[in-house]
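See below for the structure under consideration.
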Amino acid sequence: MKRRAFIPTAVAALIAARAAAAAAPASTPASPGADAALPLADAARLRAILDAYRGKVVVLNLWASWCVPCLREIPDLVRIEKELAPRGVVLVGVSMDEPGDAARVAAFRAQHFPQFRTWLRAESELDAIASVVDPAWNEVLPTTYVLGRDGKVARRVQGAKTHDEFVSLIESAL
Amino acid sequence: MLPARKFVIALVATLGAPALAIAVHAAPVVVSTPDQKALAPDVAVGPKGEIAVLWLAKGDPDSAAAKAAEAERAQMGHSHQSSMNLYVAVSTDGGATFGEPVHVNHGDDVWGFAVSRPRIAFGPTGTLHVAYPANEHQAKLDKAILMTHYTRSTDGGRTFEAPRRVSTVTDSDLSGVIHGGFASVAAFGTMGVAPNGDVYIAWIDTRNMKADSSTGSVYAAVSTDDGRTFAVDRMMVADGVCPCCQLSIAFDGKSRPYLGSRSVTGDNLRSSTVARADGHGGPFGPRIATGGAPWHLNGCPLKPTVLVVRGDTIYTAAHNGAEKPPGVMLAASHDGGASFDAPRAVQPDALVTDAPAIALTRDGAMIAWHAKVDGPRRVYYRALDARGAFAGPVNALTDGDATSQNPALASRADDRVQVAWQQDDRIYTTAIAAPR
């Protein structure tokens, strides 16, 4: 993708996400509701969340509200989860915004991606929660992991990806 | 100040081999206070051997400045949250002890992180210079902006002048598309003092950024009177600068500045580069990539490019996410930055390496970084020879269960290097000499 095009694409993606969200069904029982305060997750909590989804293919997306490329790909990820949920695909987001920013990030999520199931890191070090799946994470955003049904990381990608690129990655783990 | 609770022993390891030798450092000194949540240190050594350590500490959440910033953040909808304070502690006994920390900025106005850390440097007469990104409000737009501020101490770090803005406030409003909803940003900067005493402050600036672009410019403000005044900032690199990759600056013996930055070209190719300016106010020349695996990333790398210069030799280092494993790569130039040797990994057996810092030694240089090997992040370092080749093994500065990270280095006259780093929520410093 050409760099000069990505910001308007991001805006378009945000608009599309809002439209999709309006028609989307309610969040799954395990997800933080769109209007709920954003829950915090430390390493142990993320581990428990991932354990609870064992048997499904989990798409774990590390993002931040200040990361424009992250915002561009989230609508696609939300859409993909909807498309592939019948085949056992679950999307889990972890916001790398500041832990003290829960209310603001919750409002941001509710405004732009209300169907995006996401937690907010609870620890001051970004590395702490990412280490649950990737001890070698290099603090690049966005980073997305595809975890197989066995809970192990099957794929890791960095930088914003397209809908089709994500589908291809996920299909390889299904 | 508090002595370190634990004497740090550096385990000396060679690539792929177990620990082979032990090097012992002076006991590190803790310079931050126990009540501070401290991070992102920088360090400088003065002409008389004085040592100054600078660090960020979280501001008081109940302060008026913090509340105003929070209200603004809520209004903006999204932001980088940061309302920080800046502290300096100075040693006049070679680093054995440090004075009480001095609060440098006014209010909780510092916007800073490990990847946009404030900078400190001594001038040749002992003036202590500090530059940092600060939160401001653009009244005409009624929006938050980030500007670069400067202050100095002419009494050895006991007091600091009222901070001044050195970046220009513009009417640029990209609050919908750039970091954190700010209307404009002058941050992720650097500062250095040339041998002739000129003070250069450079930063990544969004004033020329368009809504359909994603890269910044480099602007710089220069003082030729020891920081008393600064000329109006000038554009030094027009475009194509990774907007979240902190700059670094160094000088050759002719006081010509060299800029370390990350370029964005083509299909989001993010390359570490070095460029030189003439030292007379002209812009930086072509940015020359330091090489390595091409890193295409439509994302936020948050990775600086650091460098030091001696004559025509340039030592530079940066994280490259396209290497396997991703990590800090060292490259050297022997022709003033026209070309670079093939980059080499500083610690190929680590899971990941990041946050490089580099400083000159008498006949080479020292490089430090943080890495994960078999536990939490720890700080490592290594000597380089005059040609930029590794002159010795990888050394661990820290061990144990604490998370140690974000080292900063400064050259000492005794051929050792002063290192400051963050260990959990504290800032430590000591002098090191790398075994060869």
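Numbered from 1 within each chain, the chains take letters A, B, ... in sequence-line order. Here the structure is a predicted model, which means the values were calculated and not measured.
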Toward chain A, the part of B:Pro325 with a non-hydrogen atom under 4.5 Å: neither
Distance, nearest 0.5 Å, that separates CD of B:Gln405 from CG of A:Asp127: 8.0 Å
Among B:Asp354, B:Val115, B:Leu297, residue most engaged with chain A (heavy-atom pairs, under 4.5 Å): B:Leu297
Heavy-atom contact with chain B under 4.5 Å, split by part of A:Cys70: neither
Side-chain donor/acceptor of B:Lys303 to backbone N/O of A:Asn138, under 3.5 Å: yes
Test item: A:Trp66 and B:Cys300 side chains (from C-beta on) under 4.5 Å apart, heavy atoms: yes
Non-hydrogen atoms of A:Ala136 and B:Leu351 that approach each other most closely: CB-O, 3.5 Å
Pairwise distance CG(B:Asp425) to OG(A:Ser124) - rounded to 0.5 angstrom: 5.5 Å
B:Lys372 side chain reached by A:Ser131 side chain, heavy atoms, under 4.5 Å: yes
Per-residue contact mode, B:His296 against chain A (heavy atom under 4.5 angstrom): neither
Residues A:Glu139 and B:Arg377 bridged, charged N to O under 4.0 Å: yes
CZ-CG distance between A:Arg72 and B:Asn298, expressed to the nearest 0.5 angstrom: 5.5 Å
